[in-house]
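Structure first, commentary second.
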Amino acid sequence: MTAGVAEEKGERPMTLLYSEVEEELRAAVRGLLADRCPPAAVLKRIESEPYDLDLWRTLAGEIGVAGLLIPEAYGGAGASASEAAVVLEELGRAVAPVPYFTSAVLATHALLQSAAVDQAGDLPQAVAVDRVRELLGRLAEGRATAALAVSFAASPYRPERGSAVRAGDDGARLSGSVSGVAGADVADVLLVPVNGVLYLVEGAGVEVVPSLDLTRPVATVTFDDALAVPLGPVDVAEVLRFGAGLLASEQLGVAEWCLDTTLAYVKERHQFARPIGSFQAIKHRLADLWLDVVRARAAARGAVAEGSAVSVAVAQAWNGDVAVRIAEEALQLHGGIGMTWEHPVHLYLKRAKAAEIALGTPGDHREALASLAGVPGPE
Amino acid sequence: MTAGVAEEKGERPMTLLYSEVEEELRAAVRGLLADRCPPAAVLKRIESEPYDLDLWRTLAGEIGVAGLLIPEAYGGAGASASEAAVVLEELGRAVAPVPYFTSAVLATHALLQSAAVDQAGDLPQAVAVDRVRELLGRLAEGRATAALAVSFAASPYRPERGSAVRAGDDGARLSGSVSGVAGADVADVLLVPVNGVLYLVEGAGVEVVPSLDLTRPVATVTFDDALAVPLGPVDVAEVLRFGAGLLASEQLGVAEWCLDTTLAYVKERHQFARPIGSFQAIKHRLADLWLDVVRARAAARGAVAEGSAVSVAVAQAWNGDVAVRIAEEALQLHGGIGMTWEHPVHLYLKRAKAAEIALGTPGDHREALASLAGVPGPE
Amino acid sequence: MDEAQLKERTAAFLDRNDPSGDRLDFLRARFDAGLAWVWFPEGLGGLGVSRELQQVVERELAHTPQLSSVQGIGLGMAAPTILAFGTDEQKRRFLRPLWTGEEIWCQLFSEPGAGSDLATLATRAVRDGDEWVVDGQKVWTSGAHHSRWAILVTRTDPDVPKHRGMTYFVCDMHAPGVEVRPLRQITGEAEFNEVFLTGVRLSDDLRLGEVGDGWRVAQTTLMNERVAIGGAPVRRGGGMFGSVLETWRDHPELRTHDLHQRLLSLWVEAEVTRLSGARLREQLVAGQPGPEGSGMKLSFARLNQALSGLDVELRRDLGYDDWTFRRSEGVDFYGRGAGYRYLRAKGNSIEGGTSEILRNIISERVLGLPSEPRVDKNVPWKDLPR
Amino acid sequence: MDEAQLKERTAAFLDRNDPSGDRLDFLRARFDAGLAWVWFPEGLGGLGVSRELQQVVERELAHTPQLSSVQGIGLGMAAPTILAFGTDEQKRRFLRPLWTGEEIWCQLFSEPGAGSDLATLATRAVRDGDEWVVDGQKVWTSGAHHSRWAILVTRTDPDVPKHRGMTYFVCDMHAPGVEVRPLRQITGEAEFNEVFLTGVRLSDDLRLGEVGDGWRVAQTTLMNERVAIGGAPVRRGGGMFGSVLETWRDHPELRTHDLHQRLLSLWVEAEVTRLSGARLREQLVAGQPGPEGSGMKLSFARLNQALSGLDVELRRDLGYDDWTFRRSEGVDFYGRGAGYRYLRAKGNSIEGGTSEILRNIISERVLGLPSEPRVDKNVPWKDLPR
């Protein structure tokens, strides 16, 4: 059944199902989050200290999520994007305020790509081999957190959006700024792409701005002649595409929480002496939304199984829209209570809306498909 | 309330309501159609002789619809587009197979425009004054029917689409062809725009093709060195814009029939021991469709009251979509019976779908608004 | 009285009362002159003339002290209800300070368990001699924190079907047991309040209408609410569209074909909605009020939501202007950022009748479609599933 | 029996029977060898082994005479029902010629008054000694004009609630009183028939299942129908998309930004729907059938309709290929013009369960939402409003 796709790629048949290992990983993450990160707890902390670094240390250290994508030679698990995707589904489902996506996916992938780390653990391109080796080890164990100094509003098609950084003549100092950087405020190190080279910077100015997504605030990062270590060449568009593919799984998790929570609510909430979920107009809308989520799951799985530019663009184009639509519908179907700060649905709406912009809007990804899928525009 | 619009135009306040005269005209047309042109009668004739010329003669002669737009000096009623629009609403509501739109609106407007006939009845531009005068008189009384030899798929923005006609060196003979011409098969004379000049032709080849809209078939018109009388300059785009504005009223009529007929059906049809119109999902869809029709009515009135390029583009962009959507929903809500030839809903679906293409698709009209309304596209 | 006579009367009033003097004195005098709401009876701020004539007075007095927007609920909802159901005593007591703004009013209708189905409300009022003791919780109350009075619907008989066991009161917001708490919304601020009523004692002369007749009284209030919604004329391309278009025109680098096509579609939808509103107002003036009104709020909610969502996407701005928890006096679609507009517009399809309820109303009252099977018609309120 | 043994058996069968000989002889022999449908019992064309093994046989016999598509209803719906509810006599009589195609079957379920609500059907069967006399009208019957037999559901007891008074028969299509008329569709052609039953006499041994048990028997038939719908794998950008894309690529002059954006959105929707189908089939193979199947038909109907509508708009073609009233054997999405596809696709959300009914099923069976209040549960069929 997936033979068609596999044949096109000429590889072993890919699967769109979850493996047993992935289901175990999911159970571990979900269990921890249920215990330590219910929506009420997230709501309580977002205005004081949004990130839950205790939770992050447990996730990274005990469950080992931080090192999933890092080769075993560096203390990681050497897992594939498919496992990372399952973690993201669960983190999305909990709008968990931890820097997994920004550090363990985006920054880690940039580092691995820049140093051209292969599965055997060789570092053919790294300029600063020791620094890369040491950093990967710390990231894998969750002892350090990194962020990629690229605007979260940039995309594989416009990777430079929001960035204005230049390297000094000696190639060891950076100046300029990047706006809308996610995860910078909890990062120990910043990875900064400048003119195709990835730099490692520890001393940068990070100013968090009030953010639409309360659980993943963005910051303006400023470099004022900051000391920087060049690590190797970097293809930012590829890094953002990899991230975009995985973000689709986080969006799936957001959509799933919204659907599940709304279903529970409409079964419970009575008006006119009936559960509101017994009204046919509500039922039909939820049936359509469920079908959107079913397809979002297939799209998210497709993006990590195939990893191609087409599959990523498809997953982002679909899941970005679906997450927003279902969060909006969840709010509407909760009625007045959904408009209150005390109900967590707004956290999901804000996450979904910010994620719609992050790493390319659905429209950007559809536009990319014009050439990727051979649907050219008007001449 | 409409002061805003009027102030913008600096004229007397326009009205979006129907006048008493218009309501009387509507009642006369509706009465005649109810009597002579029920959907079953239309269905019965469409495969043998689609046009009902007896009905047309009664409409033209007794009610006087053919001459509505023609100045009184030529035997017409000297009425405005607003009255013609009401006739079109009723004709749309009955998918009446008469050449009103093609002859009494499109061709007549082209003739009046080309000869620059003003309300006083002067013919400043006409080359062939006598021919114009005579033709207007016959058209006004319904003794002759005309068609504009322009593709029904052309638009104010692409008026030349489907036309390939050239004038001979002597300017008195035409050669070439035009595809997709509506109303040509019942026209006594053809009005043919070539290089900005309107020609009158009586001897052309007209080959009707099987048409999506069974009640308004289109034909390929061929000129083989045909004798032609030049009448005057013509601005085809303006003629098509005028027609497009009025077509919105016909689309409104189509939409109204679909809504009314579906409402009656869902109140009557029982499944699960309830009228299907008592199911909330159906009710909510119909409420939304009703709201679309309410706005289609305002759009159609706006187009004839204001007559500007913006108001026409708005009415076409909205009403073209609404007529198709509501015809599609009407079919769906009729269930199996809607898929049968014997139920008339398909006549409306086909009319709506063909009218969506006619004189510019909704997308063409929206695109035109980019410059008309100051919403420029990407640079 | 015709327009000319009314103009004369207004001129005479202006001769006697200086609009640049004390604001409250001027408003009191205007009320006493019958120029407050001319269609109200004489002695109660009116002249007992046709409502259309009010615009004459407003025009003549346009440059004099005006009423405040915090009086909206008093003027729009409480006053017509008091006029329709109040005793002479109640009308005399309440209408003058309500109109002058000396006393602000709020509305205690919705409850956490009674939103779309208002008639299921649970706030109890139990008679105790000449008084009623009220216990319950109300929600979505704007202005409760500076209100002197509230219009309040309560459950007085739980043993009869829900529509029959309600009673309507004027609630003294200064009475012991009334607690007002700001209700924070997803925008960060608090436009509304929760109001907790604990053993609040209201004397029987604060009752509006008969015991058990509260539903009918409340319908009068709600009818007047609906009139106010979805009404004001806008320019073509105006309203919330204006701010999106400004960004669009000023920032060509933000435009994409995807956004362009969506924006054009919304422009068309906004324009046909604007035309429908204009047509509706023409019909009202011509004395042919159509059923189209029910659709306007539905349309505006959808448009506001779609437009504000597109606006956020267009700007690609991951920031938000201000999450501070503070009170606000209302919706601020023009002063705040795109993120605020996006979030606040979500309420447009919930407040004042959800879009779902409006579709029910349109389908039944306008289109004549049959109602769904009712399971709560003859069940005593106390036995309803909840 | 394992795969190897079955292969051996198939090889042995091929040794004995020449596939290039008489087609019917070959198929009869295949049936008698138990290689027709291996999961059926021995003696009835099967071997009583697991259904998965059928693909082994199909692979081995791929180059031998195949069954015809006009047998679809017999194979997919009648056969499993006969197997489940037929007497030994009925199974012996009907299954062999059904499988070989010597006898074609059709389905007499839907009626003009009973579409979504099949259980309300009105075709009466009245007992008369050893026979039943059937009167009524059925509709949407494909292949009725060349069918020997039909599966038929009738009303035998109008005095009990609708689900309890039905009886299921095999109907002899050659019996006097059976009249088949082609039913013309909006596409111009007739894919289906109306079947009028007037005093049709069926002997009691044509009854399938108990008297009054027709609803349960029909459920078995319908369950087997649903399995077939919405299933086959497609290529990325394939299916109905292929023909739109071809026009799109070949005719740059037809492209507009409006159509482009809509086409891209549909391309994405088609692709995620294709992926869902692939995932669903993987789940089935892994023995984890998910509830996603109910959604596939809904998705394909929507996609086909949106795509074919866009296709007509893209071509700006006001013509139609052929309105001739003639019989056709099925849907021809690839051989016909864009207008035909547009019109025919409208049926996709009606036939085989309307999209409305599918949404009901998803919301109740998959999402666990409560059913609506039922008004027909305990009402005798004859007293139902209609």
Side-chain angles (χ1 to χ4, degrees), chain B residues 1-5 8 13-17 259 263 266-267 274-275 277-280 282-292 294-303 305-306 310-311 313-319 321-322 362-363 365-370 373-379, chain C residues 233-238 241 244-245 248-249 252-261 263-265 267-269 271-286 288 290-292 294-296 298-299 302 355-356 358-364 366-373:
Chain B
M1 67 294 327
T2 52
V5 174
E8 279 171 25
M14 73 178 198
T15 176
L16 298 170
L17 302 183
L259 181 62
L263 283 170
V266 301
K267 289 175 192 176
R274 291 165 55 178
S278 74
F279 285 96
Q280 201 194 31
I282 309 283
K283 290 165 75 170
H284 281 199
R285 276 158 72 175
L286 286 165
D288 284 338
L289 291 172
W290 169 81
L291 191 50
D292 287 345
V294 163
R295 294 185 284 182
R297 190 172 301 120
R301 288 278 95 189
E306 188 176 318
V310 169
S311 68
V314 164
Q316 270 296 304
W318 185 259
N319 292 20
D321 267 350
V322 167
H365 292 284
R366 280 193 297 269
E367 188 66 42
L369 285 167
V375 189
E379 285 174 350
Chain C
V234 286
R235 277 184 315 107
R236 174 178 282 169
F241 226 100
V244 181
L245 275 184
W248 182 266
R249 288 172 185 153
E253 79 283 4
L254 292 176
R255 300 178 201 156
T256 67
H257 285 293
D258 164 55
L259 291 165
H260 190 222
Q261 294 298 322
L263 194 59
L264 289 171
S265 288
W267 196 92
V268 169
E269 188 175 342
E271 173 62 6
V272 297
T273 305
R274 186 187 73 77
L275 287 167
S276 297
R279 194 158 184 276
L280 180 68
R281 284 186 298 276
E282 266 200 279
Q283 285 176 310
L284 284 174
V285 169
Q288 319 156 351
E292 285 84 350
S294 341
M296 296 311 289
L298 205 53
S299 311
R302 209 203 84 79
S355 290
E356 289 73 27
L358 290 178
R359 288 192 191 95
N360 282 349
I361 290 174
I362 290 170
S363 61
E364 293 176 16
V366 181
L367 306 181
L369 290 170
S371 63
E372 291 188 276

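Remember, it's a predicted structure, so these values are computed and weren't measured experimentally. Excluded from the calculations below are hydrogen atoms, water molecules and symmetry mates; all remaining heavy atoms, backbone and side chain alike, are included. We name chains A, B, ... by the order of the sequence lines, and we start the count at 1 in each one.
In this structure, the portions of C:Glu269 lying under 4.5 Å from any heavy atom of chain B include both its backbone and its side chain. Interface remark: C:Ser355 contributes no atoms to any contact with chain B (heavy atom separation under 4.5 Å). Interface residue B:Pro275: only side-chain heavy atoms are found under 4.5 Å from chain C. Looking at C:Leu367, both its backbone and its side chain come within 4.5 Å of chain B, counting heavy atoms on both sides. Both the backbone and the side chain of C:Leu369 come within less than 4.5 Å of a heavy atom of chain B.
In terms of heavy-atom pairs under 4.5 Å with chain C, the best-connected choice from B:Ser311, B:Ala370, B:Gly363, B:Gly377 is B:Gly377. If you tally non-hydrogen atom pairs under 4.5 Å between each of B:Leu17, B:Asp292, B:Val314 and chain C, the highest count goes to B:Leu17.
Annotation for B:Leu369 and C:Leu264: closest pair C-CD2, 4.2 Å, computed over non-hydrogen atoms. What you find for C:Gly368 and B:Lys267 is that their closest heavy atoms are O-CE, 3.4 Å. Shortest non-hydrogen contact noted between C:Trp267 and B:Ala373 is CZ2-CB, 3.4 Å.
The backbone N or O of B:Val375 sits less than 3.5 Å from a side-chain atom of C:His260, completing a donor-acceptor pair. Proximity of a side-chain donor or acceptor of C:Arg249 to a complementary backbone N or O of B:Gly374 within less than 3.5 Å is detected. Listed for the C:Arg279 side chain is a donor-acceptor partner under 3.5 Å among the backbone atoms of B:Leu16. C:Trp248 places a side-chain N or O within donor-acceptor distance of the main-chain N or O of B:Pro376, the cut-off being under 3.5 Å.
In this structure, the side chains of C:Leu275 and B:Arg301 stay at 4.5 Å or more apart for every pair of heavy atoms. For the pair C:Glu282/B:Met14, no side-chain contact is recorded, criterion being any heavy-atom separation below 4.5 Å from C-beta on. Counting heavy atoms from C-beta outward, B:Gln280 and C:Arg359 have side chains that stay 4.5 Å or more apart.
Partners of B:Glu379 under the side-chain contact (heavy atoms from CB on, under 4.5 Å) rule, at least two apart in sequence or in another chain, are C:Pro252, C:Arg255. Listed by chain and number, the residues in a side-chain contact (heavy atoms from CB on, under 4.5 Å) with C:Thr256 are A:Asp364, C:Asp258, C:Leu259, C:Arg316 (sequence neighbours excluded).
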**OP:** Might you work through the side chain to side chain contact (heavy atoms under 4.5 Å, CB included) test for B:Asp288 and C:Leu298, ending with a clear yes or no?
**Re:** CA-CA 9 Å; B:Asp288 284 338; C:Leu298 205 53; 4.1 Å; yes
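At a threshold of 4.0 Å, the pair C:Arg236-B:Glu306 counts as salt-bridged, since one of the basic side-chain nitrogens sits closer than that to a carboxylate oxygen.
If you take CD on C:Glu356 and NZ on B:Lys283, they are separated by 13.5 Å, rounding to the nearest 0.5 Å. For the atom pair OG of C:Ser363 and CG of B:Leu289, the computed distance is 12.0 Å after rounding to the nearest 0.5 Å.
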